Structure formats: C-alpha cells, structure tokens
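Predicted model only: the values in this text are computed from it and were never measured. When a ligand or atom number is given, it counts from 1 through the structure's own listing order.
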Amino acid sequence: MNIRIDDLPVRDELRGKSPYGAPQLDVPVRLNTNENPYPLPEPLVERIAERVREAARHLNRYPDRDAVELRTKLAEYLTKTSGYEVGLAGVWAANGSNEVLQQLLQTFGGPGRTAIGFEPSYSMHGLIARGTGTGWISGPRNDDFTIDLAAAEKAIAEHRPDVVFITTPNNPTGTAVPPETVVALYEAAQAAKPSMVIADEAYIEFSHGDSLLPLLDGRPHLVISRTMSKAFGAAGLRLGYLAAHPAVVDAVQLVRLPYHLSAVTQATALAALEHTDTLLGYVEQLKAERDRLVSELLSIGYEVTASDANFVQFGRFADAHEAWRKILDRGVLVRDNGVPGWLRVTAGTPEENDAFLDAVREVKKELNA
Ligand SMILES: *Cc1c(COP(=O)(O)O)cnc(C)c1O
C-alpha cells in the first residue's frame with residue numbers, strides 16, 4: 001500500500017508542507033549549516049567521556065529535571081562574557097535552541113495567537129510557529145536586508161502579534177540588528193499588545209557588536225536565545241538556552257516535558273563549559289576567515305551582505321539554485337536558503353574556504369561566458 005502524508009489525518013496546517021531540510025550530502029567541503037569546522041580538542045573529548053561515564057552510573061534514575069548545575073554554569077558564562085549579571089533563575093536550557101524556541105511558542109503563542117519575524121530570516125521560526133499552531137506573519141526588511149524599522153513598527157501595530165522574533169546577527173543574511181532598533185521594536189510590541197520579544201542570538205559570539213543581554217534590565221518581556229551549536233562548536237550536543245526575567249523561566253516550565261534534558265546531555269554540556277576558553281578560541285580565527293571570504297568574494301566580483309556571523313551571503317545570481325548546483329559540482333556544498341539571487345557560505349577552515357573560493361571563481365567565469 002502506497003500511503004503518503006496527505007493520506008493520513010494530519011492537521012490541516014501541515015498538509016502539503018515540507019520539513020526543514022538542509023541537505024546532508026557527502027561531499028568533500030560542507031559549508032552549508034554554519035557549524036564550527038573544527039572538531040572538539042582531545043582533552044575535552046576525554047573530559048566528556050569522564051563526565052558521561054560518571055553520569056552513566058546513575059542512568060537508572062531520571063536526570064535533574066531543572067538542570068541546576070548546568071544552568072548555573074551557563075549563567076556564569078553569560079555574566080562573564082557580557083558583564084551583565086545573569087543568575088540561575090534567569091536561565092533555561094533545552095535540546096538545542098530550537099527546543100527553547102518551541103517551548104517559548106508553546107507558552108506564549110499557540111492557537112489563536114500570532115508571531116512575526118522579519119524575513120528573510122531563520123526559517124525555523126516560522127516552522128516552529130506552524131508546529132505549535134501559532135499564526136505566522138512575515139514582516140518586511142529593506143533591500144540591504146536590514147530591518148525597516150518604520151515598516152516593522154507599522155506591522156506590529158497592525159497585527160498586534162503575541163511574539164516578535166528578532167534574529168541578530170540574522171541568518172541567512174549575517175546582518176546585525178542595532179540595540180536601538182531592538183528597543184524600538186520592544187516598545188512597539190509593548191504598545192500593541194503587550195507581546196514577548198525573542199532575540200535569537202545564535203551567532204552573537206561572531207559579531208562585531210555586543211550581546212543584547214544588558215537590555216534584559218527592566219524588560220520582562222524580552223528573551224535572549226543562545227546556542228552551543230555554533231561558536232561552541234558543539235552542534236551534535238544539542239544544547240540551547242535562554243536568558244530572561246525569572247518569571248519567563250517559570251512560565252516555560254509549564255510546557256517543558258519532564259526530564260527533557262538527558263543526564264548524558266547535561267554531563268556533556270558541563271564538560272564543554274569547563275573548556276569554554278578553548279572552544280571559543282576558534283571564534284577569532286573564524287571571524288578572520290569570514291572577513292577574508294567577504295573581501296575575496298568582492299574581489300572576484302560578487303556582491304556580499306555585511307556579516308556579523310560565521311557565514312556570508314553572496315550573489316547576485318540570475319538563478320541562485322543553478323549557481324548552487326554548479327558550486328556543488330565542484331565538491332563544495334553551500335546553502336540555498338531560497339532568497340532570490342543569493343546563496344550563503346559558512347566560514348570553514350582556511351583550506352575549505354580556499355576550495356570554496358576556487359569553485360566560485362570558476363562558476364563566475366562560467367556564468368559570465
Ligand atoms: C543554527 C541556529 C540556531 C541553532 O539551533 P540549535 O537548535 O541550537 O542547533 C538557532 N537560531 C538560528 C538563527 C540559527 O541559525
């Protein structure tokens with residue numbers, strides 16, 4: 001029997017839709033999902049094994065439901081790197097920031113409610129909205145991919161969304177959002193509803209600017225979302241977290257599954273946090289490689305969008321998908337995010353970036369021929 005999704009009684013809003021799907025292709029150079037290209041250093045691998053072995057001795061029991069030790073360490077990391085005092089009560093963690101965002105939408109969105117994002121941006125915001133039954137509103141951006149503040153304020157006043165997403169630095173464009181703009185959007189959202197404002201800082205460690213954490217002061221409806229998937233080089237760990245007013249942390253506990261964060265995950269993340277300095281040691285190098293990609297792409301004759309992240313959006317192509325395919329034919333996987341005319345490349349190792357630059361040099365010639 002050939003039964004497909006739409007033959008099943010799935011929810012109406014899921015009919016005919018496709019899942020999140022960055023292709024996982026087996027090619028020599030993979031620069032398509034914004035991971036850190038460097039494997040974890042051996043001493044950290046050892047430390048993880050040690051902590052996981054210890055955790056294994058207690059796997060007959062449920063893990064710490066509130067992940068107190070881990071959240072304490074995350075709070076220390078945030079305080080140390082931002083200078084803004086964050087405590088255990090103001091930090092929450094889950095399996096990737098995607099789960100954090102899902103919990104936030106389960107808490108503050110849901111049926112009969114809406115969320116807005118300014119697109120192009122991280123496609124998962126809209127997908128998680130859909131998955132939680134939250135209506136999705138696609139807000140505008142300027143042609144240079146910065147947020148059009150006047151248009152955004154107007155959209156917020158008009159739609160009165162329950163949740164406002166601000167991705168900074170933005171994915172896939174790399175564009176950072178100035179703190180003044182975040183404050184203005186927060187105020188617009190409070191005047192309209194009041195609603196929750198989620199700043200997704202997945203790439204903040206790569207930014208030229210500072211984290212928005214200090215803006216939490218006096219703004220109980222602001223949430224800062226973070227991840228260990230990018231700068232920490234631990235995408236396989238699945239650890240995301242948020243900082244917000246303690247009341248927000250209390251609120252998401254209403255929807256989290258009991259014991260959502262396994263003892264193995266908590267042990268691994270704690271080991272990684274002991275090595276924060278080593279892990280973040282690659283960040284400066286990746287920022288330098290990002291800047292090199294920008295200048296080389298420009299000198300080859302491409303346009304690029306100013307980037308504060310570990311990736312660069314480049315174009316323009318009459319047919320971005322055709323260009324994506326031609327780059328792939330040369331053994332380099334980049335990302336076609338569906339932004340017309342543009343592709344995105346993650347900063348990899350110097351060798352990977354050289355391979356990418358060779359490929360796009362050839363593709364440029366071929367497309368101009
Ligand atoms: C990669 C990314 C995330 C991270 O998701 P995880 O679930 O933590 O791996 C979150 N937000 C944005 C904008 C991203 O690009």
Output, or 'none' if empty, a list of ligand 1-protein atom pairs in which both atoms are N or O and the distance is under 3.5 Å, rounded to 0.1 Å.
residue  : atom   : partner : partner atom : Å
ligand 1 : 5 (O)  : Ser97   : OG           : 3.2
ligand 1 : 5 (O)  : Asn98   : ND2          : 3.3
ligand 1 : 7 (O)  : Ser97   : N            : 3.2
ligand 1 : 7 (O)  : Asn98   : N            : 3.0
ligand 1 : 7 (O)  : Asn98   : ND2          : 2.8
ligand 1 : 7 (O)  : Arg238  : NH2          : 2.8
ligand 1 : 8 (O)  : Ser97   : N            : 2.7
ligand 1 : 8 (O)  : Ser97   : OG           : 2.8
ligand 1 : 8 (O)  : Thr227  : OG1          : 2.6
ligand 1 : 8 (O)  : Ser229  : OG           : 3.4
ligand 1 : 9 (O)  : Ser229  : OG           : 2.7
ligand 1 : 9 (O)  : Arg238  : NH1          : 2.8
ligand 1 : 11 (N) : Asp200  : OD1          : 3.2
ligand 1 : 11 (N) : Asp200  : OD2          : 2.7
ligand 1 : 15 (O) : Asn171  : ND2          : 2.8
ligand 1 : 15 (O) : Tyr203  : OH           : 2.6
ligand 1 : 15 (O) : Lys230  : NZ           : 3.3

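Between Arg130 and Glu13, the shortest heavy-atom distance links the atoms CD-O, 3.7 Å.
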Please table the atom pairs, donor to acceptor, closer than 3.5 Å between any side-chain atom in residues 105-116 and protein atoms at least two apart or in another chain.
residue : atom : partner : partner atom : Å
Thr107  : OG1  : Gln103  : O            : 2.6
Arg113  : NH1  : Phe108  : O            : 2.9

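Checked against ring-ring contact (aromatic ring centres under 6.0 Å, His included), Tyr241 has no partners two or more places apart in sequence or in another chain. Gln266 pairs by the side-chain contact (heavy atoms from CB on, under 4.5 Å) definition with Pro63, Asp64, Ala67, Leu70, Leu261, not counting sequence neighbours.
In this model, no donor atom of one side chain and acceptor atom of the other lie less than 3.5 Å apart for Gln102 and Thr132.
Stacking of Arg141 on the aromatic ring of Phe118 is not recorded, the 6.0 Å distance cut-off and the 45° axial limit not both being met.
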